There are 2 protein chains.
Amino acid sequence: MTEARPLRRDARDNIAKLQAAALEVFLAKGLDASLDEIARTAGVSIGTLYNRFGSREGLIDAVVPEVAGSKLLVFGAGVLAKDTPRERLEEFVTGMIELQGEDPALNDAILRRYPDAVALLGICDRSIALGRDLVRDAHADGSLSPDFTEHDLFCMLWLAGIANRDPHAPANWQRVITRALDQAWTATT
Amino acid sequence: MTEARPLRRDARDNIAKLQAAALEVFLAKGLDASLDEIARTAGVSIGTLYNRFGSREGLIDAVVPEVAGSKLLVFGAGVLAKDTPRERLEEFVTGMIELQGEDPALNDAILRRYPDAVALLGICDRSIALGRDLVRDAHADGSLSPDFTEHDLFCMLWLAGIANRDPHAPANWQRVITRALDQAWTATT
DNA sequence: TCTCATCTTGAGGGTGTTCTCAAGTTAGGT
DNA sequence: ACCTAACTTGAGAACACCCTCAAGATGAGA
């Protein structure tokens with residue numbers, strides 16, 4: 001147990017400024033945004049950033065999990081509100097792709113590009129677990145073909161993730177992925 | 001018309017060494033491999049590389065189109081040997097994904113990562129044109145759903161391309177893409 | 001063998017990033 | 001008002017890449 005002395009006020013202010021700046025920049029440019037830019041946006045030197053957060057992962061974990069977590073929580077509730085296993089899984093896939101497209105930071109989180117940002121990974125895992133459950137339900141229900149595995153679902157989200165990161169992505173690439181999901185339902189209309 | 005003096009022998013030798021090295025390195029690591037490494041592999045200085053080829057694109061165009069072209073030619077013949085439009089298109093998609101997976105240089109070419117490598121782009125365009133024709137045939141034939149466009153085909157190859165470039169790609173991501181194609185056939189078994 | 005146009009060389013300048021640390025500044029207790 | 005531990009700072013080292021150019025080496029014709 002380290003005896004926790006209170007921080008000096010300038011230190012606390014700088015932490016707050018850095019967190020706000022990091023959030024802004026990470027959301028705009030993804031988790032590999034330049035730390036220099038974050039420090040500049042915060043109006044603080046790069047040294048201070050390292051003093052306070054130690055590493056990029058430290059900064060990520062201090063800032064992203066809360067925001068990403070609440071987004072995913074709301075999203076998860078929306079998904080579960082759907083009526084059938086099939087609708088839930090469809091909503092999960094299309095919704096995740098959309099979320100990832102809107103939020104480069106969340107996108108990078110799902111791609112696990114910073115495995116040392118432990119807190120963030122935990123948040124993502126919860127969402128992945130939801131997806132896994134939905135696949136199971138849809139299997140149990142008989143609506144999803146057994147040869148569509150949870151790993152396939154993960155591949156879809158991963159594909160969407162790397163697609164989002166490419167600045168030269170062609171229009172409507174999402175259709176390839178949603179089509180793949182469409183293929184996986186068992187007969188019926 | 002520039003009067004073409006013959007090159008000195010050392011110059012010609014160095015060009016040959018650089019081409020061999022470039023081919024080897026590009027095939028192994030893709031078109032964004034370090035030019036320094038290519039020069040080192042050739043046993044020649046980086047300055048000579050620039051003297052002879054002017055730029056990365058110049059080197060690419062001097063070396064990749066021939067190899068990629070003959071691969072794609074053989075591949076195209078194999079595709080056309082299939083019996084039905086559907087089989088041809090299926091072969092085209094799975095085969096291209098496989099080729100791209102085996103050959104990072106070809107993969108980068110299809111992603112058009114070096115738009116100034118004009119000769120290489122020309123080669124790729126021929127293959128893309130083949131794909132486009134196959135989509136048309138399959139449409140005409142009635143086996144491919146009209147809402148699967150040639151752009152969708154291009155998106156598939158592009159997705160495969162960026163997937164190949166990710167060293168952390170999950171296993172069997174190809175299934176997502178082939179499933180998407182499966183979805184696009186009109187009824188029947 | 002001698003000459004010189006042609007060719008090669010690699011250190012060095014430019015870019016963009018991460019991370020450090022010696023020196024300077026300041027909050028806040030006395 | 002003064003002191004000092006806590007804090008901030010930013011130049012700079014390290015890395016990895018691109019591309020250039022003045023100086024030196026050499027093939028080949030005379």
Side-chain angles (χ1 to χ4, degrees), chain A residues 2-22 25-26 28-64 104-105 108 113-117 165 167, chain B residues 2-22 24-26 28-63 104-105 108 113-117 165 167:
Chain A
T2 340
E3 187 51 44
R5 301 262 190 82
L7 288 170
R8 250 167 58 172
R9 197 165 58 231
D10 53 349
R12 279 197 291 114
D13 289 351
N14 284 338
I15 288 177
K17 282 191 262 175
L18 280 167
Q19 289 180 328
V25 174
F26 282 150
K29 313 207 174 175
L31 300 182
D32 53 358
S34 152
L35 294 184
D36 222 87
E37 182 182 349
I38 292 175
R40 236 179 304 121
T41 304
V44 138
S45 100
I46 183 66
T48 298
L49 188 157
Y50 279 94
N51 285 341
R52 293 295 144 218
F53 297 97
S55 66
R56 159 173 253 113
E57 283 78 6
L59 183 54
I60 290 174
D61 257 3
V63 140
V64 182
D108 286 347
R113 305 191 66 232
Y114 293 95
D116 293 344
R165 291 186 54 81
Chain B
T2 339
E3 188 50 42
R5 301 260 191 84
L7 288 170
R8 250 167 56 174
R9 197 163 60 228
D10 54 346
R12 278 198 291 114
D13 289 351
N14 284 337
I15 288 177
K17 282 191 263 176
L18 280 167
Q19 288 181 328
E24 178 188 332
V25 175
F26 282 150
K29 313 208 174 171
L31 299 183
D32 53 357
S34 153
L35 294 185
D36 224 86
E37 182 182 349
I38 292 175
R40 235 180 303 121
T41 303
V44 137
S45 100
I46 182 68
T48 298
L49 188 158
Y50 279 95
N51 286 341
R52 294 296 145 215
F53 298 97
S55 65
R56 157 172 255 118
E57 283 80 5
L59 184 55
I60 291 174
D61 257 2
V63 141
D108 286 346
R113 304 190 67 233
Y114 294 94
D116 291 345
R165 291 186 54 80

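Being a predicted model, the structure only gives us computed values, none of them experimental. Just the heavy atoms: all of them, side chains too, but no hydrogens, waters or symmetry mates, feed the values below. Within every chain, numbering begins at 1; the chains are lettered A, B, ... in the order of the sequence lines, protein sequences first and strands thereafter.
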* To do: Without swapping roles, check the side chain of Asp108(B) against the backbone of Leu31(B) for a donor-acceptor pair under 3.5 Å.
  => yes

* Structure fact -> Numerically ordered, the residues 38-45 of chain B set in heavy-atom contact under 4.0 Å with DNA chain C is Val44(B), Ser45(B)

* Sequence neighbours left out, what passes salt bridge (charged side-chain N to carboxylate O under 4.0 Å, His left out) with Asp10(A)? Give chain and number order. => Arg8(A)

* Non-neighbouring partners of Arg12(A) that pass side chain to side chain contact (heavy atoms under 4.5 Å, CB included), sequence neighbours left out -> Leu7(A), Arg9(A)

* Do Ile60(B) and Arg113(B) touch side chain to side chain, with heavy atoms closer than 4.5 Å? -> no

* Asked: Between atom CZ in Phe53(A) and atom P in dT8(D), what is the gap in whole Å?
  -> 11 Å

Any N/O pairs under 3.5 Å between the protein and nucleotides 12-15 of chain D? List them or say none.
none

* To do: Evaluate the side-chain proximity of Phe53(B) to Asp61(B): yes if any heavy-atom separation is below 4.5 Å, no if none is.
  => no

* dG10(D) P sits how many Å from Glu37(A) CD, rounded? -> 18 Å

Write out a two-atom table: protein N or O, nucleotide N or O from nucleotides 21-26 of chain D, distance below 3.5 Å.
| unit_1 | atom_1 | unit_2 | atom_2 | d |
| --- | --- | --- | --- | --- |
| dT26(D) | O2 | Arg8(B) | NH1 | 3.1 |

* **Distance in angstrom units between Tyr50(B) OH and dA11(C) C1', rounded** => 15 Å

* Asked: Less than 4.5 Å apart, any side-chain heavy atom of Phe26(B) and any of Leu59(B)?
  -> yes

* Closest approach of Pro104(B) and Ala28(B), non-hydrogen atoms and distance? -> CG-O, 3.8 Å

* Residue mapping more 5' on DNA chain D - nearest nucleotide basis, Asp32(B) or Arg9(B) -> Asp32(B)

* Nearest to the side chain of Arg52(B) - dT20(D), dT18(C), dT8(C)? -> dT8(C)

* **Terminal axis angle for the helix from dT1(C)-dA30(D) to dT30(C)-dA1(D), five pairs an end, nearest 10 degrees** => 30°

* Roughly, in whole Å, what's the span from CG in Asp36(B) to P in dC18(D)? -> 7 Å

* Structure fact -> Considering only heavy side-chain atoms of Ser34(B), the closest of dT18(C), dC18(D), dC7(D) is dC18(D)

* **side chain to side chain donor-acceptor pair (under 3.5 Å) contacts in which one or both residues fall within residues 37-55 of chain B, not counting sequence neighbours** => Lys29(B)-Glu37(B)

Between protein and nucleic acid, restricted to nucleotides 1-3 of chain D and to nitrogen or oxygen atoms under 3.5 Å apart, what atom pairs and distances do you find?
none

* Test side chain to side chain contact (heavy atoms under 4.5 Å, CB included) applied to Ala42(A) - qualifying residues, sequence neighbours left out -> Lys17(A), Leu18(A), Ala21(A), Val44(A)

* Asked: Between residues 11-22 of chain A and DNA chain D, which residues have a heavy-atom gap below 4.0 Å?
  -> Ala11(A), Asn14(A)

